[in-house]
Amino acid sequence: ASPAITTTYSVTVTDVNGCENTEDVTITVNPLPVVEAGLDISVCNQPIQETLTGYSPIVGGVGIWTGPNVTTAGVYTPSGVGSFTLTYTFTDVNTCVDFDTLQVIVVDPAVVDAGPDISVCISVDSIDLFSNQNPTPLGGTWSGSGVIDSVFTPSILSAGNYEVYYTIGSGTCLVIDTITVTINSLPSITITTDAEICFGDSLQLSASGGLDYYWTPSVFISNDTISNPFVFPISNSSYTVEVTDGNLCINTDSVFIIVNPLPIVDAGLDIILCNQPIQEILTGYSPTTNGTGAWTGLNVSSTGVFTPNGVGSFTLTYTFTDGNTCVNFNTLVVTVLPPTLANAGPDLQACDNDSNVLISNFFPTSGGTWNGIGVDTAGLFSPTFTGPGIFDLIYCIGEGTCLNCDTMQFTVLQSPTASFTYNETCIGDSTFFLDLSSPNVGNLVSWDWEFGDNSGISSIQNPSYFYGTEDTFDVTLTI
């Protein structure tokens, strides 16, 4: 019997004796298991195991897979393109068996191209890999060190080589292409240290570490595209160099230059001197402190002592170096003229009892001064003040290097002292006078006698005189 459902069968048995007996038997018909192999699938022809899913039942019996390139446990490994039928057979606990099939379509995987390798500088903020690489086909994903949401960020990594992956598909259709991203370090710059210069000076800068150089600002610089330009800023300035290396990576560095002002130098006013070897100490120049000053030019010492040596105009330069070694200078003109020569005139003499003598016959008659014992600046000499002697009187004209002097001698003679004696006589006799004056005879040249009677005079040294009357007479001797 092959009942389609559970059925009870009865049998009646009659033996030879005509006896009968009846017996029943029930046949239980169990249903087949409901087997589902799952949906048809499409995979790519890569030796990547694909574990089949979605089939049932998996409990209450034993299921196995059969077909090309599949294990009994349902692991399929593509091995060639085409359409392949896989069968899932399940035997339940009642040993009832059923099966189901699915189709596996095996196709060639997509050809993926992540684009060329990348060389990038570590200073680059980010790279959008899709726009930069233009991968094919689109729709994949990027992964690897430094990659977040298809953006590669070099600055979060160190210099070196990194593999970045472009992945498209999944399972057996998963395809990956790899690019190498080289992160290049920035050029290491060696640059001139910060410096100080003086206004008007220049300084040669120097930078190394690359192939191309560009300096900013591009003013007050000899060439802004070389590694070692000269700069001549007029105020404190920072110069920045942009250095590009062989990887086209760019780095920058700066040097700060302090520009010290020049000292304000004043050599003083022009001067006029006379051509005499008289040292003239220059004055009125500045500065003289917080640095070092020096004079240069004809006939001048470094300390500013000028000695005329010929007429003409001479330019002298005062150069000053301050504490910052900044140098500036200023000039003055020294005009050297012939001096006016003083002439004190001829020597003079007077007696020590003479009145004051106003000296004349000197040259020039104005602008000069007299000095010496007994003379005032105007040339009035007092013999009574000096007494006897020989006195050097100096007449000077001008001052400084124009000072010129001449000397004359004024001899003051000692006045003689008149003295005499006489003899007393009688009427009818002559009176004899004897000169006792000093200095001694030989120094006196004249004698004037007045005998006191209003008529008698004599000019000899020792006269005699006859008085005709008896009387007392006042006799005067002038020598």
Side-chain angles (χ1 to χ4, degrees), residues 271-281 283 305 307-308 336-422 432-452 454 456-463 465 473-479:
I271 58 176
I272 298 176
L273 304 176
C274 290
N275 187 27
Q276 298 190 106
I278 300 174
Q279 291 183 340
E280 176 77 9
I281 298 176
T283 61
V305 178
T307 304
V336 180
L337 304 175
T340 299
L341 300 179
N343 187 346
D347 296 340
L348 299 175
Q349 69 178 22
C351 297
D352 61 3
N353 59 356
D354 285 345
S355 300
N356 290 346
V357 179
L358 182 62
I359 301 172
S360 59
N361 296 326
F362 58 88
F363 180 84
T365 56
S366 63
T369 59
W370 287 91
N371 63 80
I373 298 175
V375 70
D376 67 10
T377 57
L380 185 64
F381 183 78
S382 174
T384 59
F385 174 81
T386 62
I390 299 174
F391 302 94
D392 288 334
L393 303 185
I394 302 172
Y395 180 64
C396 295
I397 186 78
E399 59 183 0
T401 61
C402 291
L403 178 66
N404 190 261
C405 299
D406 191 30
T407 301
M408 56 89 75
Q409 287 187 334
F410 204 117
T411 301
V412 178
L413 303 173
Q414 182 178 2
S415 300
T417 300
S419 178
F420 62 90
T421 186
Y422 63 91
F432 293 93
F433 294 90
L434 178 62
D435 176 30
L436 299 176
S437 299
S438 63
N440 296 327
V441 177
N443 292 324
L444 300 178
V445 294
S446 67
W447 295 262
D448 293 321
W449 296 87
E450 293 181 0
F451 297 116
N454 295 323
I457 61 174
S458 177
S459 62
I460 63 175
Q461 182 177 9
N462 298 302
Y465 187 71
F473 300 94
D474 293 326
V475 178
T476 302
L477 171 60
T478 301
I479 56 176

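Computed from a predicted model, the values in this text were never measured in an experiment. Residue numbers run from 1 in the order of the sequence given.
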Between [X] and [Y], is any pair of side-chain heavy atoms under 4.5 Å apart?
X: Y465; Y: F433; answer: yes
X: V475; Y: F420; answer: yes
X: T417; Y: S437; answer: no
X: P338; Y: N275; answer: no

Exactly one candidate in C402, C274, P364 meets side-chain contact (heavy atoms from CB on, under 4.5 Å) with T340; the answer is P364
Do you know the tightest heavy-atom contact between [X] and [Y]?
X: G345; Y: M408; result: O-CB, 3.7 Å
X: S419; Y: L477; result: O-CD2, 4.1 Å
X: Y395; Y: N343; result: CD2-O, 4.1 Å
X: I278; Y: G400; result: CD1-O, 3.7 Å
X: L358; Y: A378; result: CD1-O, 4.0 Å

task = Given side-chain contact (heavy atoms from CB on, under 4.5 Å), test L403 with C405 step by step and report yes or no.
result = CA-CA 7 Å; L403 178 66; C405 299; 4.0 Å; yes
* Asked: According to the interplanar angle, ranging from 0 to 90°, do the rings of F451 and W449 count as parallel (below 30°), tilted (30 to 60°) or perpendicular (above 60°)?
  ->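 Answer is parallel, since the angle falls under 30°.
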*Residues two or more places apart in sequence or in another chain: which of them pass side-chain hydrogen bond (donor to acceptor under 3.5 Å, both in side chains) with D392?*
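D392 satisfies side-chain hydrogen bond (donor to acceptor under 3.5 Å, both in side chains) with Q409 once adjacent residues are dropped.
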Hey, what do you get for [atom1] ([X]) to [atom2] ([Y]), rounding to the nearest 0.5 Å?
X: L273; Y: L337; atom1: CG; atom2: CG; value: 8.5 Å
X: E280; Y: I272; atom1: CD; atom2: CD1; value: 12.0 Å
X: D448; Y: T476; atom1: CG; atom2: OG1; value: 10.5 Å
X: T421; Y: L434; atom1: OG1; atom2: CG; value: 6.5 Å

Does atom [atom1] of [X] have more than 12 heavy-atom neighbours from other groups under 6.0 Å away?
X: L436; atom1: CG; value: yes
X: Y422; atom1: OH; value: no
X: L413; atom1: CG; value: yes

F410 vs V357, test: side-chain contact (heavy atoms from CB on, under 4.5 Å). Steps then yes/no.
CA-CA 10 Å; F410 204 117; V357 179; 4.1 Å; yes
*Between I359 and L393, is a side-chain contact (heavy atoms from CB on, under 4.5 Å) present by the stated rule, with each step listed?*
CA-CA 10 Å; I359 301 172; L393 303 185; 3.6 Å; yes
Residues passing the ring-ring contact (aromatic ring centres under 6.0 Å, His included) test with F363, sequence neighbours excluded, are none
Distance-only donor-acceptor hits, side chain of residues 381-391, under 3.5 Å, sequence neighbours excluded:
{"from": "S382", "atom 1": "OG", "to": "N356", "atom 2": "OD1", "distance (Å)": "3.1"}
{"from": "S382", "atom 1": "OG", "to": "T384", "atom 2": "OG1", "distance (Å)": "3.2"}
{"from": "S382", "atom 1": "OG", "to": "F385", "atom 2": "N", "distance (Å)": "3.3"}
{"from": "T386", "atom 1": "OG1", "to": "P383", "atom 2": "O", "distance (Å)": "3.2"}

- prompt: Between D352 and Q414, is any side-chain donor less than 3.5 angstrom from a side-chain acceptor?
  reply: no
### Query
Do we see a donor-acceptor contact under 3.5 Å between the side chains of W370 and D376?
no
**Request:** Not counting sequence neighbours, which residues clear side-chain contact (heavy atoms from CB on, under 4.5 Å) with N404? List them please.
**Result:**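 Here the qualifying residues are Q276, L341, A342, I397.
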side-chain contact (heavy atoms from CB on, under 4.5 Å) filter on I460, not counting sequence neighbours, yields S458, P463
message: According to disulfide bond (SG atoms under 2.5 Å apart), does anything in residues 357-386 pair up with another residue at least two apart or in another chain? List the pairs.
response: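 Qualifying pairs, neighbours excluded: none.
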